[in-house]
Protein chains: 2
Amino acid sequence: MQNGSARRPVTVIEVAQEAGVSPSTVSRILNGSAGVAADKKRAVEQAVERLGYRPNMMARHLVQGNSRTVGVLTQDIASPFYNDAIRGIEEGLMPHGYSPLMISGHWHSEQEGHAIELLLGRRVEALIVLGGSVPEAELHDVAARLPVVVLGRRIERPDFSGFSLVLDNFGGARRATTHLIQLGHRTIGHIMGLPEHADAQERLAGYRAALEDHGLPWDSSLVVQGDFREASGLLGMQRLLELDRPLTAVFCSNDQMAYGARLALYRRGIRVPDDLSLVGFDDLPGSSYSTPPLTSVRQPVHDLGRRMAEFVLARLNGQTPALPELELELVVRESTALVRVSPLPRPGPSSVR
Amino acid sequence: MQNGSARRPVTVIEVAQEAGVSPSTVSRILNGSAGVAADKKRAVEQAVERLGYRPNMMARHLVQGNSRTVGVLTQDIASPFYNDAIRGIEEGLMPHGYSPLMISGHWHSEQEGHAIELLLGRRVEALIVLGGSVPEAELHDVAARLPVVVLGRRIERPDFSGFSLVLDNFGGARRATTHLIQLGHRTIGHIMGLPEHADAQERLAGYRAALEDHGLPWDSSLVVQGDFREASGLLGMQRLLELDRPLTAVFCSNDQMAYGARLALYRRGIRVPDDLSLVGFDDLPGSSYSTPPLTSVRQPVHDLGRRMAEFVLARLNGQTPALPELELELVVRESTALVRVSPLPRPGPSSVR
DNA sequence: CTGTTAGCGCTTTCAA
DNA sequence: TTGAAAGCGCTAACAG
């Protein structure tokens, strides 16, 4: 059995020898950069085939001074939210001969710095940052050297030369809450995301604004804190249910927490949406198949990914395109319903519907 | 506003000049490859800082003949299943100074070929393949050049020099079905995955084996076809419910289809697990927060990812480690329960326990 | 300890 | 049309 490693890769020189031409000719044929006699072309192609030659991109890029690569700094490759964006980025990049170099910061500022270092070392031509918490100064430095677009973070520095793309979290949250109010709900809880997270703050603000819009009182005890993950949604809902205020609806700062909240309700035999309406945020792929399908605020993440890719590519070509702020859409499914007359559910055996 | 592109990156030469030393000295300091006078070291470090120098990895790798990179061919970066594996791979690679170069084939044999081409061009030192359908011949060729490990595919070629790692789908499915039988279920449906997919076939076989183990009759009308996605689970369950056989449990070939099936049941007001028990396969992160939390077969994907990474790294070092076949564990949650009413006049022989 | 020299594999002048 | 030569940015001998 082969060792599997070793065996030096074939080089142009070898191909050239095999085909009886010079390395430059091989290069020209491979890149179609100049006219070449048909017979030599055939000979080279055969040699390439026979030897299993594959151009060494590192060498090629070194001499050409480009890497055809765009760095993507994500927080968690495995997070359902960022994933969609990544796929969009891929789609935007590939047709132009670029590929993404992905790396995750794992919500860890230090690791993110490290990641950027690595990306820069690999000479990515542009950088797409998905959320996270790299210091603005660092982002700014990078943006001075190459096109940068950061999603989901508002960059305060007025001189930031990159592009910061923020979604209308406020508007989305306000729309979601308004939807609940229009269904007749008057006591609406909110499970908040990580409080230091701008998204969470804006969504809270949107929730509050909707309340004010309709002359409903603001009650801070109706807001509990979570961390964007399922478990915190479960805990949050439990705490909400312990209140003596009989709430009939809850708006969660993201879908994952809504899933957790849903489970807390299931355990207590509180039906959704009959006894309590639930709204999430993000519209994860799974949300259309949860029980019941979850009403949520959709962020056009996939589309956004593609646009960001195209954006940096355009910058690379010297253009200065615009990146429009996209509206967030409320997707009404089956987890929200008209408020019932008697808001107090009676706990009982776990029965869904 | 800065253009954001252009501005040639700093090179060693410039750093050397700035610090008043030779390029090799700079290199030595950066790599710690030899002792250097303290003052020169300080001077260089300052120059690096001042100029914002970052070594060009492509150049470094070119001369060193390695890329410190492992290719990861996944089907879909956004699939929750592969994601976990990817995270594991990352963890396995990073401590050794390697990074993953990820690319997705999108379940498209041709695109996968293209992806491998790209990876090879970037001189990845090893390749990790997650599922997919690249022709064996191609995999074999690659494996002759560098360490390859493929997950979730049995390679038939006896001379394959890579490592093929398959999970015990059969055993997992058998265990899941047996669990149902032990709960008293006698009419158990199965929603199958893509029939051309080995995983789907093996899980079907496991389901069938469990039936036989307990002397239950095999009934092909109880098996409907899906494609591993939610929508097909929903459709599949609908078809199952149209049967006049009153089934009390369904085993789905993966969690995503189980979610779809769950939704079909919800729509008809059939309760889980009270009226019907449901089992999935994969144990996706979301499954512990579905309603009800889903009983499923856990694949240690994350762990597997780490192990695969360590495996190829070891091969790179000339070792030939083993990759143990890991057992799949049935995670019993709340979507399965004792059968309520025995719908059939106890057919078949032997005990039920 | 440090500078000089010679490449890594490729493309791109520049002549022929 | 083609080959020879130079050089991308870096490190690894090899002298000193």
Side-chain angles (χ1 to χ4, degrees), chain A residues 6-45 47-48 51-69 97 118 120-125 145, chain B residues 6-45 47-48 51-69 97 118 120-125 145:
Chain A
R7 171 111 92 295
R8 242 192 44 267
V10 186
T11 72
V12 240
I13 314 248
E14 297 168 61
V15 175
Q17 282 171 343
E18 175 88 7
V21 298
S22 77
S24 356
T25 301
V26 176
S27 169
R28 278 190 274 258
I29 290 169
L30 261 39
N31 301 291
S33 47
V36 179
D39 56 328
K40 309 219 171 208
K41 181 162 177 180
R42 265 232 333 284
V44 168
E45 276 160 357
V48 165
L51 267 41
Y53 169 71
R54 275 165 236 284
N56 183 332
M57 290 312 204
M58 298 192 302
R60 174 178 288 180
H61 294 154
L62 181 60
V63 53
Q64 288 181 160
N66 64 36
S67 63
R68 304 266 135 193
T69 283
L118 202 144
L120 256 26
R122 289 194 193 263
R123 291 294 185 271
V124 296
E125 296 180 34
R145 294 158 182 274
Chain B
R7 172 110 93 293
R8 240 190 50 266
V10 186
T11 72
V12 241
I13 313 251
E14 298 169 61
V15 175
Q17 282 170 346
E18 176 87 7
V21 299
S22 78
S24 359
T25 300
V26 176
S27 169
R28 279 191 274 258
I29 290 169
L30 262 39
N31 301 289
S33 47
V36 179
D39 57 328
K40 311 224 169 201
K41 181 163 178 179
R42 266 232 332 285
V44 168
E45 275 160 359
V48 165
L51 268 39
Y53 170 71
R54 275 166 235 285
N56 183 332
M57 289 311 206
M58 298 193 301
R60 174 178 287 182
H61 293 154
L62 182 59
V63 55
Q64 290 183 157
N66 64 37
S67 63
R68 303 268 135 192
T69 282
L118 202 144
L120 255 26
R122 291 198 192 265
R123 291 295 184 270
V124 296
E125 296 179 34
R145 294 159 182 275

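Sequence lines set the chain letters: A, B, ... in the order given, protein chains first and strands last, and positions in each chain run from 1. For clarity, every value in this text was computed on a predicted model and none was experimentally measured.
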* To do: Would you kindly check whether a donor in the side chain of B/R123 faces an acceptor in the base of C/dG9, or vice versa, at under 3.5 angstrom?
  =>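 Per atom types, no contact qualifies.
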
* Asked: Has the side chain of A/R28 got a donor or acceptor that lies under 3.5 Å from a partner of the other kind on the base of D/dG3?
  ->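 Checked by distance alone, the answer is yes.
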
* Asked: Under 4.5 Å between any side-chain heavy atoms of A/M57 and B/M58, yes or no?
  ->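 Heavy-atom side-chain distance check fails, nothing below 4.5 Å.
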
* Does the side chain of B/H61 come within less than 4.5 Å of B/E125's, by heavy atoms? ->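 No, side chains not in contact.
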
* **A/T25 and A/S22 side chains, donor-acceptor separation under 3.5 Å** =>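 The answer is yes; a qualifying pair exists.
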
* Touch check for A/S27, heavy atoms < 4.0 angstrom, all strands: base, sugar-phosphate only, or nothing? ->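 Base: the residue A/S27, judged by heavy atoms under 4.0 Å, touches a nucleobase.
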
* Which is true for B/S24 with a 4.0 Å heavy-atom rule: it touches a base, it touches only sugar-phosphate, or it touches nothing? ->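 Base, at least one base atom sits under 4.0 Å.
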
Between [X] and [N], does any side-chain N or O lie under 4.0 Å from OP1 or OP2?
X: A/N56; N: C/dC8; answer: no
X: A/S22; N: D/dT2; answer: no
X: B/Q64; N: D/dA12; answer: yes
X: B/K40; N: C/dG3; answer: yes

* With nearest nucleotides of DNA chain C determined for A/Y53 and B/V21 from heavy-atom distances, which residue corresponds to the more 5′ nucleotide? ->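 Going by which nucleotide is closer to the 5' end, it is B/V21.
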
* Want to settle it: does B/V63 or A/P23 sit nearer the 5' end of DNA chain C, counting the closest nucleotide to each? ->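 Its nucleotide being nearer the 5' end, the pick is B/V63.
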
Between [atom2] of [N] and [atom1] of [X], the distance in whole Å:
X: B/R122; N: C/dC10; atom1: CZ; atom2: P; result: 15 Å
X: B/L62; N: D/dC8; atom1: CG; atom2: C1'; result: 9 Å
X: A/D39; N: D/dT1; atom1: CG; atom2: C1'; result: 11 Å
X: A/L30; N: C/dC10; atom1: CG; atom2: C1'; result: 11 Å
X: B/R60; N: C/dG7; atom1: CZ; atom2: P; result: 22 Å
X: A/E14; N: C/dC8; atom1: CD; atom2: C1'; result: 13 Å
X: B/I29; N: C/dT2; atom1: CD1; atom2: P; result: 8 Å
X: A/M57; N: C/dC8; atom1: CE; atom2: C1'; result: 17 Å

* Checking B/Q17 side chain against B/E14 main chain: does a donor-acceptor pair fall under 3.5 Å? ->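 Here the side-chain-to-backbone pair does not exist.
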
* **Side chain B/T69, main chain B/S67, donor-acceptor under 3.5 Å** =>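 Pair found, side chain donor or acceptor close to backbone of B/S67.
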
